[in-house]
Amino acid sequence: MSTFLLLLATGLGLGALYFLVASGLSLIYGLMGVLNFAHGAFLAAGAYAAWWAATGGLPGAGPDGWGFVLATAFGVAVGAVIGAVVELAVIRPLYRRHIEQVLVTVGIGLVGVALLRGIWGADALPFPRPALATGTTTIAGAAIPNDRFVLIAAAVAVLLGLLAVLRASRVGLILRAGVENRAMVEALGIEVRRTFTLVFAVGGAVAALGGVLGSVYLGSVAPGQGTSLLIFAFIVVVIGGLGSRTGWAVAAVVVGLVQQLANYYAAAGVGDLSVVLLLALVLLARPGGLAGRTA
Amino acid sequence: MSPLLELDDVHVRLGDSHVLQGVSLAVAATGVTALLGRNGVGKTTTLRAVLGLVPRSGSIRFDGREIGAGRTPWVVRQGIGYVPEDREVFGSLTVAENLRLACPDPAPERAALVDELFPELRERQRQRAGTLSGGQQQMVALGRALLAPHRLLLIDEPTKGLAPRLVTEVAAVLERVAAVTPVLLVEQNLPVVRRLASAAVVLDAGRVVHAGPAADLLADADRTKALLGVGAR
């Protein structure tokens, strides 16, 4: 029983991590129709920035306590800035040119990883693990690592934050309308391009948060970390249904649990295969994903 | 009185098609100016060119200021509202959200006018706009344009696809609207044009072929038939 509980908590934690990565990715695609293959690079850059800050690069930041909070905030800010710069400099001239967008974001993803390798090397570096994330909490006899709870709490906070912004703020109103008919939003005198930059910045920030927390979970940071997480994030977005925040949340939890349980009860590595099978089954049964919307 | 909107030698090319071929026209600072013509002659494109929704060249002056190179949001913020053909309300948003998106903080007299013209919208505030009938969606589209402090409204075929009873209602609303804000109206329904318009501009194959008082044009059945392909009565 305790093993099963531990697997559940780990699966939920993994799902939370996938949700953090998928939410930024999906937000960008949902509003702007940009399939951002550079999202993994945003994630890795945020994680490396936090690592740099926590290991003495940024005054006041550190590997634990408020110092780590500051390091995380720095990583998130770097993710946001990279997202905004990429949108302004590279994506904006390519709106409605989808093939070029894919090519350029794939290119940025590759360059980003190469850049991180060039600066910090190809090997994984040990990532600081703050005391809050290193302990365990015993629930029904199962000693569950606290980092799972941190991931779940962060994902829930991001989900609630996104829902609150989308439902209750003017920016959210513009985003929801822009997804439906961008030209008409502009014909109401609203500058959608600014909102697009904001969305890319938020997407980059959430990816960076996922990168930091994923590195805490894994205990290390590596240049290719974002790329491998990005694959599962894409799967979560497709299974959840494009444009559905709650759909992605459910899909992220399902993917995390399936992967974890299959890895334990079948064999190591079967988890990844199970996730791909799950994707195929969902696409066959509900081509629009769990939320039922098609691209 | 000098015109509120002036187009001078405006061209629009969409792909291989030269849709507007040097359109020059003026819109009066009061009342309704009707933009008429057969299907496909460039009426909707003219409105979209004013707003910058299609790439255009030539001069477009609004209240004496050149706006022909401006992006759509900027042009709209100069005071030009748009009610598109087919309404283009945001179907996933509620009626209230559609209106709030257009103008988060309308002047009390504007809000009162919309309330007075479209009392039904108040009752349907929480209904998704995509579930409304065509007539109700037209109310949302018009209400959206009326709430903002526009000085000119571009209204594209507001009676298209509506039942005859609704056409009469929409015409009555437009009459009230035009008393407050000048309108450039694209309309195929000639009785509606006759009721509302003081001036008429006729396009053919992307060029202006007639401009003058609407009553004079509509009084000449032969000319109306020649220009518009339909009888004036």
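So that the names make sense, note that chain A is the first sequence line, chain B the second, and so on, each numbered from 1. Everything numeric in this text was worked out from a predicted model, so none of it was measured.
- Neither the backbone nor the side chain of B:Leu51 comes within less than 4.5 Å of any heavy atom of chain A.
- Only the backbone of B:Val89 comes within less than 4.5 Å of a heavy atom of chain A; no side-chain atom from C-beta onward does.
- Looking only at side-chain heavy atoms (C-beta outward), B:Leu174 and B:Val32 stay at 4.5 Å or farther from each other.
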Across chain B and chain A, going purely by atom type as modelled, what donor-acceptor pairs are there at a distance under 3.5 Å?
| unit_1 | atom_1 | unit_2 | atom_2 | d |
| --- | --- | --- | --- | --- |
| A:Arg170 | NH1 | B:Arg100 | O | 3.1 |
| A:Arg170 | NH1 | B:Leu101 | O | 3.4 |
| A:Arg170 | NH2 | B:Leu101 | O | 2.9 |
| A:Arg176 | NH1 | B:Glu97 | OE2 | 3.4 |
| A:Arg176 | NH2 | B:Glu97 | OE2 | 2.9 |
| A:Glu180 | OE1 | B:Ser92 | N | 3.0 |
| A:Glu180 | OE1 | B:Ser92 | OG | 2.5 |
| A:Glu180 | OE2 | B:Gly91 | N | 2.4 |
| A:Asn181 | ND2 | B:Glu88 | OE1 | 2.9 |
| A:Glu186 | OE2 | B:Arg71 | NH2 | 3.0 |
| A:Gly189 | O | B:Arg77 | NH1 | 3.0 |
| A:Glu191 | OE1 | B:Arg71 | NH1 | 2.9 |
| A:Glu191 | OE2 | B:Arg71 | NH1 | 2.7 |

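- Side-chain contact between B:Leu146 and B:Leu153 is present, with at least one heavy-atom pair separated by less than 4.5 Å.
- Using a 4.5 Å heavy-atom cutoff, the side chains of B:Leu152 and B:Val27 are in contact.
- Note: A:Phe232 and A:Phe19 fail the aromatic proximity criterion, with ring centroids not under 6.0 Å apart.
- Formation of a donor-acceptor pair under 3.5 Å by the A:Trp248 side chain with backbone atoms of A:Gly241 is found in this model.
- Counting heavy-atom pairs closer than 4.5 Å to chain B, the top-ranked of the candidates A:Ile174, A:Val185, A:Val192, A:Leu188 is A:Leu188.
- With a threshold of 4.5 angstrom between heavy atoms, B:Ala102 approaches chain A through its backbone and through its side chain.
- Checking side-chain atoms of A:His39 against main-chain N and O of A:Val21 turns up a donor-acceptor pair under 3.5 Å.
- Atom CG of A:Leu284 has more than 12 neighbouring heavy atoms from other residues, nucleotides or ligands inside a 6.0 Å radius.
- Counting only heavy atoms from C-beta outward, the side chains of B:Val177 and B:Leu117 approach each other to under 4.5 Å.
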